[in-house]
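Below is one structure, written out as structure tokens; comments come after it.
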Amino acid sequence: MTRTLKNPAGIHAAPGFSHIAISSGSTWVHFAGQVALDHEFNVVGEGLFEQTQAAMKNLKTAMDECGVAWTNIVRRTIYTTQPTEYAVITEAIDSVTGGGDGPAQTILGVTGLAVPGLVIEIECTAVLD
């Protein structure tokens, strides 16, 4: 699998993500949106930073199940009730992933998520092989 990330000079800076992710590979892995829920279905963390970390840790658990590394992630979609807090989201993601170049990403503002108390949900697509 190869992943090439690009940020064209004619587009605004991309803090924590890339504008373009070009991938090649034959096995695609689609991860369902991960949220800040523990094994007993309890909300983990009250704030955006803590919930983002918890969602990313849940994503990492799913990734480990199928041999996916952070460098295999080519697309990330974030649904949040606090879409303008992208700096907080980026910092929390980097605290789990170790930073580095992020995949192509979209942040969407939503009025709520499936479980009361949740403020963020993160889904990703990875390419293997």
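Interatomic distance, E91 CD to T52 OG1, rounded to the nearest 0.5 Å: 10.5 Å. Put simply, CG on N72 and OG1 on T125 are 12.0 Å apart, with the number rounded to the nearest 0.5 Å. Between T61 atom OG1 and F31 atom CZ the span is 10.5 Å, to the nearest 0.5 Å. Between the CZ atom of R3 and the OG1 atom of T71 there is a distance of 6.0 Å, given to the nearest 0.5 Å. Summarising the geometry, atom OH belonging to Y86 is positioned 9.0 Å from atom CD1 belonging to I107; distances are rounded to the nearest 0.5 Å. K60 NZ to C124 SG: the interatomic distance, rounded to the nearest 0.5 Å, is 12.0 Å.
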Step-by-step side-chain hydrogen bond (donor to acceptor under 3.5 Å, both in side chains) determination, Q53 to S95: CA-CA 7 Å; Q53 283 183 316; S95 75; 2.8 Å; yes
Check against side chain to side chain contact (heavy atoms under 4.5 Å, CB included), V119 and L113: CA-CA 7 Å; V119 298; L113 294 163; 5.6 Å; no
Verdict with supporting geometry, T106 and R75, side-chain hydrogen bond (donor to acceptor under 3.5 Å, both in side chains): CA-CA 8 Å; T106 300; R75 182 81 181 130; 2.6 Å; yes
Residues L48, T80; criterion side chain to side chain contact (heavy atoms under 4.5 Å, CB included); working and verdict: CA-CA 9 Å; L48 181 60; T80 180; 3.8 Å; yes
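Residues W28 and I22 do not share a hydrophobic cluster, clusters being chains of Ile/Leu/Val/Met/Phe/Trp/Tyr side chains in contact below 4.5 Å. L108 and V88 are members of different hydrophobic clusters when ILVMFWY side chains are connected at heavy-atom separations under 4.5 Å.
Shortest non-hydrogen contact noted between A126 and V68 is CB-CG1, 3.7 Å. Minimum heavy-atom separation, V74 to S23: CG1-CB, 3.5 Å. Across all non-hydrogen atoms, the minimal contact from P116 to V43 is O-CG2, 3.9 Å. Of all heavy-atom pairs spanning L5 and A21, the tightest one is CD2-CB, 3.6 Å. Across all non-hydrogen atoms, the minimal contact from S18 to G102 is OG-O, 2.7 Å. Considering every non-hydrogen atom in both I122 and R76, the closest pair reads CG2-CG, 3.8 Å.
Considering only heavy atoms from C-beta on, P8 comes within 4.5 Å of I20 through its side chain. Contact check for V29 versus L128: side-chain heavy atoms found under the 4.5 Å cut-off. By the 4.5 Å heavy-atom criterion applied to side chains, L37 and N42 are not counted as neighbours. For the pair L59/W70, a side-chain contact is recorded, criterion being any heavy-atom separation below 4.5 Å from C-beta on. You'll find the side chain of E123 stays beyond 4.5 Å of the side chain of H30, heavy atoms only. V35 has its side chain out of reach of N58: every pair of non-hydrogen atoms, C-beta onward, lies at least 4.5 Å apart. Between I93 and F17, the closest side-chain pair of non-hydrogen atoms is not below 4.5 Å. Residues V44 and Q51 form no side-chain contact, since every pair of their non-hydrogen atoms from C-beta on lies 4.5 Å or further apart.
Checked against V110 for a side chain to side chain contact (heavy atoms under 4.5 Å, CB included), the options T81, I120, I78 give a single hit: T81.
Counting only distance, with no hydrogens or angles, the side chain of D129 and the backbone of G25 share no donor-acceptor pair below 3.5 Å. Counting only distance, with no hydrogens or angles, the side chain of H19 and the backbone of Q105 share no donor-acceptor pair below 3.5 Å.
Atom CZ of F49 has more than 12 neighbouring heavy atoms from other residues, nucleotides or ligands inside a 6.0 Å radius. Residue-environment remark: NE2 (H39) stays at or below the threshold of 12 foreign heavy atoms within 6.0 Å.
Take K57 and apply the salt bridge (charged side-chain N to carboxylate O under 4.0 Å, His left out) test, not counting sequence neighbours, and it matches no residue.
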